[in-house]
Amino acid sequence: MTDNMKTIKNKISFRTEGDPGKWESTCLPIGNGYMGATFFGGTERETVVLNEKTFWTGGPSPARPDYNGGNRENAYKSVRKVQELLAAGRYDEAVSLLPELTCRTDVGYGAYQCLCSAVFDFPGINKTNITDYERCLDLDKSLYTCTFRHNGVKHTREAFASYPSRLIAFRFSADAPGSVNITLSLGKLRSGGMVSIPGNMPYLLAYHGVLEDNGLRYYAAFQVKHDGGELETADTSISVKNADTVEIYFSAATDYSDKYPHYRKQNTSELYDPYEDPDPSGAVLLGSLARTGRMSYDELYREHYSDYSSLYDRAKLSFNGVTGEIPDAETLLARYREGDSTAADILGPLYFQYGRYLLISSSREGSLPANLQGVWNESNEPPWCCDYHINVNLQMNYWGAYNTNLAETAIPLVDYIDSLRAPGRVTAKEYYNIASDAGHPENGWIAHTQANPFGWTSPGWDFYWGWSTAAVAWLMLNLADHFEFTQDTDYMMKRIYPIMRETARFYTQWLIWDEKQQRLVSSPTYSPEHGPVTIGNTYEQSLILEFYESFLRLSHNFYDEEDGGLRDKVEEQIKMLKPFSVSKAGLMKEWYEEDEPGFDRSKIQKNHRHLSHLMSLYPGSHINSNTPDLMKAAIATMDDRGDESTGWSRAYKINLRARTGDGERAYKLLRGLLTDCTYPNLWDFHPPFQIDGNFGGSAGIAEMLLQSHEWYNTEGEYTINVLPAVPARWASGRFEGLCARGGYEVSAEWSEHRVTEIRIKSLNGEWAVVKTDLTDVTGEDGSKVEARLGKGLIVFGTEPGKTYIIK
Ligand code: FUC
């Protein structure tokens with residue numbers, strides 16, 4: 001199937017220049033996890049917004065010696081009182097104490113900053129003489145280009161962001177010799193930031209400084225190379241005149257390090273290249289730029305492409321045999337919105353691949369995870385600080401990492417969660433009275449609704465959004481999936497299991513028995529960001545249930561006797577959580593008490609964007625085809641909430657509807673996302689721009705095509721379900737390289753709504769269980785494989801690394 005798989009060429013292009021005043025809707029992004037750049041394709045002047053992911057205000061600072069991630073000392077005493085008052089039904093008194101369940105201060109939370117912009121001026125180019133203009137982000141090549149003719153001369157401008165070389169490369173060329181004229185200067189500079197050209201390196205423009213807010217040291221440098229023409233420098237700019245080609249390489253770094261409590265590199269000289277550092281007095285040539293002396297632009301691109309394509313090329317998708325070139329983005333979106341069916345068959349796979357492109361570009365091992373805008377940000381006061389929101393957004397950023405075959409891009413998430421444990425232990429002690437000490441060094445950690453890169457794990461500055469004890473349980477579902485999909489036992493044992501174990505220690509000590517509800521509860525609880533404060537709401541109870549189930553399932557192999565009875569404790573508690581109940585109206589209750597007299601409905605919004613009571617439908621799995629009553633209530637709940645909402649909420653609903661098996665409704669939601677919550681550059685908006693909708697939408701398309709969350713039996717095989725929620729519009733198609741739990745890569749082809757072929761590559765040689773009416777299994781060499789058939793399932797033994805074909 002691989003060789004002849006026809007797909008469209010995935011690109012996002014425009015026939016008009018973008019508008020630097022409309023950054024979030026008209027720019028085109030490239031990135032390498034550490035750094036990001038966005039382009040508008042200006043012909044006379046191109047302003048490229050540049051980002052470095054660790055460039056944050058906030059955190060520890062000489063000016064803020066008492067920074068402690070917001071923790072309020074001994075807050076657990078107030079938490080206890082609130083628990084008691086709620087249990088006693090003294091709601092108003094409990095509510096009056098909630099301000100004590102917030103962070104001590106919001107000072108030092110900080111925000112992700114824009115690093116600077118590179119301003120490229122092109123003297124001699126006049127907008128009015130331009131023809132054949134196109135700016136384009138080629139997702140298949142991970143390459144940005146802007147091409148046009150000016151007085152008959154064809155100009156080509158390119159850029160890519162390389163992860164292996166940790167730099168961003170720009171190339172400016174023309175098809176007539178001596179036609180490239182360019183001046184590079186910098187914009188969006190910080191006060192105190194220094195732009196300089198080191199005396200002995202006239203081809204280097206350096207920018208460096210120290211952030212006033214927290215003393216973070218930052219360094220950025222542009223190296224200019226040219227073929228033909230002449231290079232000239234001024235105080236803070238470099239120009240090249242009459243060149244054939246100009247290449248500019250950019251790299252940046254800060255002295256940030258994700259290590260509690262200082263969050264700084266021990267040794268700032270790590271930032272310098274020991275051989276190439278030109279100017280010990282301050283200007284810096286980063287190690288990565290030194291590579292450009294050893295490798296040409298083409299070699300650097302090849303290195304970048306081989307790294308990028310090793311991830312991106314793993315998954316492919318096409319509908320109804322659509323092939324060929326994609327029209328420019330504005331035309332495509334307009335046709336799509338008018339109901340054009342070819343546009344629909346193009347845009348679905350394009351959006352799917354764009355989510356994957358954005359994830360590869362904004363999250364790579366060694367970088368911080370993708371934030372609310374991935375890695376891209378033009379503002380110093382970005383929405384929600386452009387932080388890590390963990391009451392849906394950060395989790396959603398990584399849903400597609402697992403099912404679309406990009407698990408490596410989720411390593412930054414694992415590292416980040418791990419880094420929250422040390423500060424999270426302080427929060428566990430202050431707010432929950434769960435303390436770690438020398439005898440019990442990893443006795444439990446916690447974080448709440450939002451977090452920064454400086455260990456901010458305390459609740460937010462308002463209880464009503466800031467309190468979310470189950471946010472960490474939710475993060476654990478991502479970690480569990482990391483293993484379920486990759487089956488990487490070594491990584492699980494070394495990196496993931498220790499985090500899950502400490503998390504289990506936290507929750508097992510936190511839950512309390514509620515006499516009235518006759519169950520074990522988290523209390524107080526608040527359903528994101530909606531409704532009254534209550535005891536044991538469905539969000540918290542179900543997330544803890546889902547986490548406990550994963551923990552029991554996975555700890556089976558990783559557990560050792562030294563865990564001190566943790567498994568037994570989890571097994572005992574899980575039965576007492578009782579998260580689900582159905583309201584008189586037949587809906588899944590979001591609050592346990594909601595049918596009781598006196599229940600405060602004043603804070604409930606009928607169409608609220610969060611669907612926190614459906615965690616067990618997706619991303620959890622407790623509500624599934626084996627629980628028809630809960631499924632019915634979940635569907636009624638979604639009907640009641642309605643489809644319209646913010647971008648990420650629609651993306652969430654695509655995944656939820658996919659889990660109900662309703663392909664038409666999932667497709668309608670996808671249409672809504674693309675019609676009402678997508679900018680011309682295909683970035684998702686809340687509004688404003690928020691990248692979670694892109695990631696969640698891409699994952700949702702995969703969830704419509706392949707699912708693997710239901711267990712076949714209690715021994716632990718998952719059922720691989722091909723095309724579980726496909727709409728009539730996707731009558732035929734093929735996908736390649738999606739992933740299933742249990743360690744499988746799955747490809748399939750279907751025509752007129754019938755699956756004609758499934759290919760399954762087994763990663764670890766377990767029994768494969770596939771839901772299908774197809775009956776014949778062969779190896780790749782055509783040899784017959786023995787299989788058991790029954791109840792619409794086919795079950796066969798596999799060997800690691802082998803591919804099986806079902807027809
Ligand atoms: C969650 C959402 C908001 C927004 C914010 C960044 O708290 O409820 O809608 O997406 O994260």
Side-chain angles (χ1 to χ4, degrees), residues 24 56 58 70 102-103 106 109-112 358 362 368-377 379 381-399 413 416 447-453 456-475 478 525-531 533 537 539-540 543 590 603-615 619 641-656 669 672-673 676-679 683-697 699-700:
E24 60 182 13
W56 265 75
T102 56
C103 55
D106 60 2
Y109 187 74
Y112 184 39
L358 291 169
S362 65
L368 283 169
N371 59 38
L372 287 171
Q373 296 180 171
V375 58
W376 302 280
N377 172 30
S379 161
E381 287 173 3
W384 287 283
C385 310
C386 206
D387 67 1
Y388 298 103
H389 258 64
I390 48 180
N391 67 358
V392 64
N393 319 84
L394 182 60
Q395 289 90 338
M396 183 180 287
N397 281 2
Y398 288 92
W399 288 345
L413 177 69
Y416 180 67
H448 294 84
T449 307
Q450 54 174 35
N452 67 8
W456 188 285
T457 47
S458 69
W461 37 96
D462 185 316
F463 178 89
Y464 291 104
W465 65 252
W467 184 267
S468 191
T469 311
V472 168
W474 190 346
L475 284 173
N478 286 63
T525 55
Y526 181 63
S527 202
E529 298 163 41
H530 189 208
V533 50
N537 67 25
Y539 169 73
E540 298 228 344
L543 280 173
E590 186 163 354
K603 291 195 172 68
I604 299 177
Q605 296 164 34
K606 188 168 160 48
N607 302 111
H608 196 270
R609 61 193 178 282
H610 283 271
L611 279 135
S612 307
H613 38 337
L614 299 185
M615 291 290 121
R641 276 285 158 99
D643 292 343
E644 273 151 48
S645 200
T646 62
W648 68 257
S649 174
R650 295 192 199 228
Y652 182 32
K653 289 172 188 171
I654 296 169
N655 289 278
L656 286 168
L669 283 154
L673 178 66
D676 302 334
C677 304
T678 298
Y679 287 129
W683 263 352
D684 159 77
F685 61 82
H686 187 279
F689 162 49
Q690 212 171 278
I691 206 162
D692 39 22
N694 283 102
F695 293 141

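Every number for a ligand or one of its atoms is a count from 1 in the order of the listing. Count residues from 1 along the sequence.
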Which of the atoms in ligand 1, numbered in the order shown and given with their element, are less than 4.0 Å from a heavy-atom of H686? 3 (C), 4 (C), 9 (O), 10 (O)

Please list the nearest protein heavy atom to atom 6 (C) of ligand 1 with its residue and the distance rounded to 0.1 Å. W384 CD2, 3.4 Å

Quick one: does N393 get within less than 4.0 Å of ligand 1, heavy atoms only? yes

Applying a heavy-atom cut-off of 4.0 Å, say which part of N391 lies close to ligand 1: side chain, backbone, both or neither. side chain

If we set the cut-off at 4.0 Å for heavy atoms, which region of W648 has an atom near ligand 1: side chain, backbone, both, or neither? side chain

Check: F689 ring centroid to W683 ring centroid under 6.0 Å: yes

side-chain contact (heavy atoms from CB on, under 4.5 Å) involving A699 - partner list, sequence neighbours excluded: W399, N403, N655

Can the ring centroids of H448 and W465 be said to lie less than 6.0 angstrom from one another? no

For atom 2 (C) of ligand 1, tell me which residue out of E529, Q690, H608 has the closest non-hydrogen atom. E529

Decide if the gap between the ring center of H530 and the ring center of H608 is smaller than 6.0 angstrom. yes

Salt bridge (Lys or Arg N to Asp or Glu O under 4.0 Å) involving E590 - partner list, sequence neighbours excluded: R641

What do you reckon, are the aromatic ring centroids of H686 and W384 less than 6.0 Å apart? yes

Proximal ligand 1 atoms for H610, defined as those under 4.0 Å from one of its heavy atoms: 2 (C), 8 (O)

What do you reckon, does R609 have a nitrogen or oxygen under 3.5 Å from a nitrogen or oxygen of ligand 1? yes

